[in-house]
Amino acid sequence: MADKIDGRAVAAQIEDETAAKVEAFAARNGQAPGLAVVLVGNDPASEVYVAHKIKKSAKVGIRSYEHRLPAETSQDDLLTLITRLNIDPNVHGILVQVPLPAHIEEGAVLGAINPAKDVDGFCPVNVGRLSTGTGGLVPCTPLGVMKLLDTVIDDLTGLDAVVIGKSNIVGKPIAMLLLEREATVTVTHIETKNLPDICRKADIIIAAAGAPRLVKGYWVKEGAVIIDVGITRIKGESGKDKLVGDVAFDEVQHAKAVTPVPGGVGPMTIACLLANTVQAAEALEKK
Ligand SMILES: Nc1nc2c(c(=O)[nH]1)N[C@@H](CN(C=O)c1ccc(C(=O)N[C@@H](CCC(=O)O)C(=O)O)cc1)CN2
C-alpha cells in the first residue's frame with residue numbers, strides 16, 4: 001500500500017507556525033497582517049474557496065478585508081480597487097480569486113497587483129523572480145506541492161519528475177520549483193504523445209491536468225511519489241456530488257506515496273496563502 005500523504009495535517013502545522021508569526025508581527029506593529037480578498041461574481045466553487053480563506057485567516061489572526069463585486073463589474077472598476085489596495089498601508093496581501101468573469105482580462109488584473117503584496121505570486125514580476133530563482137512570492141498551490149514532497153523525499157537532486165498540466169498558476173510554477181531543487185523535469189499536458197510511457201519513467205508525478213482519474217495504475221512505476229493537484233466535482237453513485245483527483249487513487253497503491261483528493265494539496269493551498277501573507281507583511285515591515 002502506498003503511504004497517503006496527509007495534506008490536512010501538514011497544512012495544520014503551517015497554520016500553527018503562521019499563527020505564531022502573526023502574533024509576533026502584531027506585537028511589533030500594533031496590528032496583525034491584513035489580507036484583501038477580492039471575489040468578482042458568484043462562481044459557486046470560488047465562493048467556497050474564498051469563504052475558507054477568510055475563515056482560516058481569522059483562525060491564525062490575519063485581518064481580512066473582503067471585497068465582493070458583482071459579476072458585471074467592469075475591468076476599470078476592478079483595476080481602480082486594486083490601485084487603492086496597492087497603497088493601503090493596512091493591506092499587506094492582495095488576492096483576486098480566479099477565474100474572473102470572461103469580460104475581464106485576467107492578465108491585466110493580476111499584473112496590476114503590487115508585487116510586494118501579490119500573495120498569490122501570479123503577477124509577472126513574481127513569475128519572473130520564480131523562473132530566475134531570485135525570491136519573491138511563490139504561488140500557493142505549487143508551494144504546497146513542494147512542501148508535501150518534502151515530507152516523503154529528502155533530496156530531489158537528479159530525480160525524474162513529470163508535471164502533467166501547463167497552467168500558469170500550477171503546472172509552470174511547479175516545474176520551476178522542481179528545477180530549482182535540481183530535479184530533471186518533463187512538462188507534459190493532455191495533448192502530449194505517449195503520456196503513459198513518459199509517466200512510467202518518473203520518480204515523481206505531479207498531476208495537474210484537471211482530468212479526472214487520468215493517471216492509471218499502469219502509468220506509475222513501483223515506488224514513485226504522486227502528487228494529485230486535480231479537483232473535479234462529479235456525481236457519485238449515490239447521486240451525491242463527490243470530489244475526484246487526476247489520479248486513479250486505488251490503482252496506484254504500488255507507488256511509494258500519493259496524495260488523496262480531498263485532503264491532499266487543497267488544504268495546502270490555503271495554508272500557503274496564509275504563510276505568504278505573513279511573508280509579505282514581514283517584508284513590507286522592513287521597507
Ligand atoms: N486567486 C486564486 N484563485 C485560485 C487559486 C489560488 O491559489 N488563488 N486556486 C484554485 C482554488 N483554490 C484556492 O483559491 C482552492 C482549491 C481547493 C482547495 C481545497 O481546500 N480543496 C479541498 C476540497 C474542498 C471542497 O470540498 O471543495 C481538498 O482538496 O481537500 C482550496 C483552495 C483556483 N483559484
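Along the sequence shown, residues carry numbers from 1. In listed order, ligands and their atoms are each counted from 1. None of these values were measured; they are calculated from a predicted model.
The protein heavy-atom contact nearest to atom 14 (O) of ligand 1 is Lys53 NZ, 2.7 Å. When hydrogens are left out, the protein atom nearest atom 23 (C) of ligand 1 is Leu243 CD1, 3.6 Å; that is the closest non-hydrogen contact. The protein heavy-atom contact nearest to atom 4 (C) of ligand 1 is Gln97 NE2, 3.4 Å. Atom 32 (C) of ligand 1 has as its closest protein heavy atom Tyr49 CD2, 3.6 Å. Among all protein heavy atoms, the one lying closest to atom 31 (C) of ligand 1 is Gly266 O, 3.5 Å.
Annotation for ligand 1: atoms under 4.0 Å from non-hydrogen atoms of Val96 are 1 (N). The contact set between ligand 1 and Arg233, taken as ligand atoms under 4.0 Å from a residue heavy atom, comprises 25 (C), 27 (O).
Between the side chains of Ser74 and Asp76, no donor N or O sits under 3.5 Å from an acceptor N or O.
Salt-bridge formation is detected for the pair Lys235/Asp241: a Lys NZ or Arg NE/NH1/NH2 atom is positioned less than 4.0 Å from an Asp or Glu carboxylate oxygen.
Closest heavy-atom contact between Tyr65 and Gly34: CE1-CA, 4.1 Å.
The side chain of Ile231, and not its backbone, has at least one atom closer than 4.0 Å to an atom of ligand 1 (non-hydrogen atoms only; side chain from C-beta on). Contacts between Asp120 and ligand 1 below 4.0 angstrom, taking non-hydrogen atoms only, involve the side chain exclusively. Using a 4.0 Å cut-off between heavy atoms, Ile270 contacts ligand 1 through its side chain alone, with no backbone atom that close.
Here Asp246 contributes atom CG and Thr232 contributes atom OG1; the two are 6.0 Å apart, rounded to the nearest 0.5 Å. Taking CG of Leu110 as the reference point, atom CD1 of Ile94 lies at 11.0 Å (rounded to 0.5 Å).
Less than 4.0 angstrom separates atom 18 (C) of ligand 1 from at least one non-hydrogen atom of the protein.
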